Amino acid sequence: MLKKFIRTVNNLCSPTFFKEIYRKQLYYLYEHTIPLREMRKGLNLEIHPTASFRFGENIIIEDDVVIDSNCCVWASENSKIVIGENTSIGQNAIIISSNHSFNGKDCYKDQPMVEKDINIANNVWIGANSIILSGVTIEEGAIIGAGSIVTQDVPEFTIAVSKSRDLEFIERI
């Protein structure tokens with residue numbers, strides 16, 4: 001018991017401990033606090049403190065939106081993300097409006113970014129662990145099944161789930 005206590009005290013007094021606290025505070029400011037201040041937000045939002053945002057000035061969140069834990073909503077310098085009213089985004093969902101291009105044999109980091117807007121209409125439910133990629137429009141009342149990868153537009157009042165690699169429209173509500 002004494003060994004555990006001594007080890008704990010040593011760790012709490014180490015420079016590495018303070019460095020990590022400082023690094024995590026900067027990360028939280030950069031990924032959460034500053035973008036939240038920059039984005040256009042509606043009323044009655046529930047945004048979990050572990051949600052991550054980028055380019056907040058290019059994100060619009062309407063009224064009564066829920067963004068659950070560990071979500072990433074990453075706009076880019078030249079693309080926007082709009083999230084409509086009464087939309088709910090489950091934990092660990094990723095919404096990202098840019099990607100690297102893959103042309104030729106150059107390293108992907110040396111190639112231009114592909115940036116396209118993402119539009120999520122009102123009354124949409126995005127299940128946990130879903131990924132919404134650039135250029136997608138999800139129309140009103142759509143439901144995205146948990147774990148789905150959305151690479152194409154989703155019609156209104158449709159339940160969409162990924163089966164293997166393809167997005168399947170299960171049912172029109």
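This structure is a prediction, so every number in the text was calculated from the model and none was measured.
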A.B. asks: List for me each residue that meets salt bridge (charged side-chain N to carboxylate O under 4.0 Å, His left out) alongside Glu20, sequence neighbours excluded, and say none if there are none.
C.D. replies: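 Testing Glu20 for salt bridge (charged side-chain N to carboxylate O under 4.0 Å, His left out), a comparison that skips the adjacent residues, returns Arg23, Lys24.
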A.B. asks: Between His32 (side chain only) and Thr50 (backbone N and O only), is there a donor and an acceptor less than 3.5 Å apart?
C.D. replies: no
A.B. asks: Could you give the distance from CD1 (Ile95) to CZ (Phe53), rounded to the nearest 0.5 Å?
C.D. replies: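 One gets 9.0 Å once the value is rounded to the nearest 0.5 Å.
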A.B. asks: Side chains of Pro49 and Tyr28: closer than 4.5 Å at any heavy-atom pair?
C.D. replies: yes
A.B. asks: Could you tell me which non-hydrogen atom of Ser101 sits nearest to which non-hydrogen atom of Pro112, and how far apart they are?
C.D. replies: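 In terms of heavy atoms, the two residues are closest at OG-O, 2.6 Å.
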A.B. asks: Passes side-chain contact (heavy atoms from CB on, under 4.5 Å), Ile67 versus Ile61? Steps please.
C.D. replies: CA-CA 10 Å; Ile67 299 176; Ile61 301 176; 3.8 Å; yes
A.B. asks: Take Ile126 and Val150 through the side-chain contact (heavy atoms from CB on, under 4.5 Å) test and state the conclusion after the steps.
C.D. replies: CA-CA 10 Å; Ile126 298 173; Val150 181; over 6 Å; no
A.B. asks: Under 4.5 Å between side-chain heavy atoms, counting indirect links through other Ile/Leu/Val/Met/Phe/Trp/Tyr residues: same cluster for Ile81 and Leu45 or not?
C.D. replies: yes
A.B. asks: So do Leu133 and Ile96 actually touch side chain to side chain, heavy atoms under 4.5 Å?
C.D. replies: yes
A.B. asks: Any donor-acceptor pair under 3.5 Å linking the side chain of Lys80 with the backbone of Ile60?
C.D. replies: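 The answer is no, because no donor-acceptor pair under 3.5 Å joins these two groups.
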A.B. asks: Answer with yes or no whether the hydrophobic clustering places Ile59 together with Phe55; edges join I, L, V, M, F, W, Y residues whose side-chain heavy atoms lie under 4.5 Å apart.
C.D. replies: no
A.B. asks: For the pair Thr8 (side chain) and Ile6 (backbone), establish whether a donor and an acceptor sit closer than 3.5 Å, ignoring hydrogens and angles.
C.D. replies: no
A.B. asks: Do Arg40 and Glu57 touch side chain to side chain, with heavy atoms closer than 4.5 Å?
C.D. replies: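 Result no, sub-4.5 Å side-chain heavy-atom pair not found.
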A.B. asks: Taking only residues two or more places apart in sequence or in another chain, which ones pass salt bridge (charged side-chain N to carboxylate O under 4.0 Å, His left out) with Glu31?
C.D. replies: Arg54
A.B. asks: Hey, what do you get for CD (Glu38) to OG1 (Thr33), rounding to the nearest 0.5 Å?
C.D. replies: 11.0 Å
A.B. asks: Can you check side-chain contact (heavy atoms from CB on, under 4.5 Å) on Asn122 and Glu85, steps first, answer last?
C.D. replies: CA-CA 5 Å; Asn122 298 338; Glu85 294 179 1; 3.6 Å; yes
A.B. asks: Atom OG of Ser79 and atom CG of Asn99: how far apart are they, to the nearest 0.5 Å?
C.D. replies: 11.0 Å
A.B. asks: To the nearest 0.5 Å, tell me how far Ser148 OG sits from Ile131 CD1.
C.D. replies: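 Separation between the atoms: 9.5 Å.
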A.B. asks: Count the heavy atoms of every other residue, nucleotide or ligand shown that sit under 6.0 Å from NZ of Lys116, and state whether that count exceeds 12.
C.D. replies: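 No, because the 6.0 Å sphere around NZ of Lys116 holds 12 heavy atoms or fewer from other groups.
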A.B. asks: Check the surroundings of atom CD in Gln111: do more than 12 heavy atoms from other residues, nucleotides or ligands lie under 6.0 Å from it?
C.D. replies: yes
A.B. asks: Check Pro155 against Glu139 and note the closest heavy-atom contact, atom names and distance.
C.D. replies: C-CB, 3.8 Å
A.B. asks: Does any part of the side chain of Ile89, heavy atoms only, come nearer than 4.5 Å to the side chain of Ile83, both counted from C-beta?
C.D. replies: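 Sidechains of Ile89 and Ile83: in contact.
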A.B. asks: Answer with yes or no whether the hydrophobic clustering places Val82 together with Val65; edges join I, L, V, M, F, W, Y residues whose side-chain heavy atoms lie under 4.5 Å apart.
C.D. replies: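 No; tracing contacts between hydrophobic side chains, which count when under 4.5 Å, never links both residues.
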A.B. asks: Rounded to the nearest 0.5 Å, what separates atom CD1 in Ile149 from atom CG in Asn129?
C.D. replies: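 One finds 10.5 Å between CD1 of Ile149 and CG of Asn129.
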A.B. asks: Between the side chains of Asn70 and Gln91, is a donor N or O closer than 3.5 angstrom to an acceptor N or O?
C.D. replies: no
A.B. asks: Do Ile132 and Ile47 sit in one hydrophobic cluster, given that two such residues count as connected whenever their side-chain heavy atoms are within less than 4.5 Å of each other, even indirectly?
C.D. replies: yes
A.B. asks: On a heavy-atom basis, which atom in Ser52 and which in Tyr27 lie closest, and how many Å separate them?
C.D. replies: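 Closest approach of Ser52 to Tyr27, heavy atoms only: OG-OH, 4.2 Å.
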A.B. asks: Indicate whether any N or O donor in one side chain lies under 3.5 Å from an N or O acceptor in the other, for Asn44 and Asp63.
C.D. replies: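 The criterion, which ignores hydrogens and geometry beyond distance, is not satisfied for Asp63 and Asn44.
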A.B. asks: Nearest heavy-atom pair of Ser130 and Gly147: which atoms, and what distance?
C.D. replies: OG-N, 3.6 Å
A.B. asks: Between Ile138 and Ala142, what is the shortest heavy-atom contact and its length?
C.D. replies: CG2-CB, 3.6 Å
A.B. asks: Roughly how far, to the nearest 0.5 Å, is the CG atom of Asn123 from the OG atom of Ser88?
C.D. replies: 11.0 Å
A.B. asks: For Trp74 and Ser98, run side-chain contact (heavy atoms from CB on, under 4.5 Å): C-alpha distance rounded to whole Å, both residues' side-chain angles, the deciding distance at 0.1 Å, then the answer.
C.D. replies: CA-CA 8 Å; Trp74 293 356; Ser98 64; over 6 Å; no
A.B. asks: Tell me the closest heavy-atom pair linking Val136 and Thr151, and the distance in Å.
C.D. replies: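 In this case the closest contact between Val136 and Thr151 is CG2-C, 3.7 Å.
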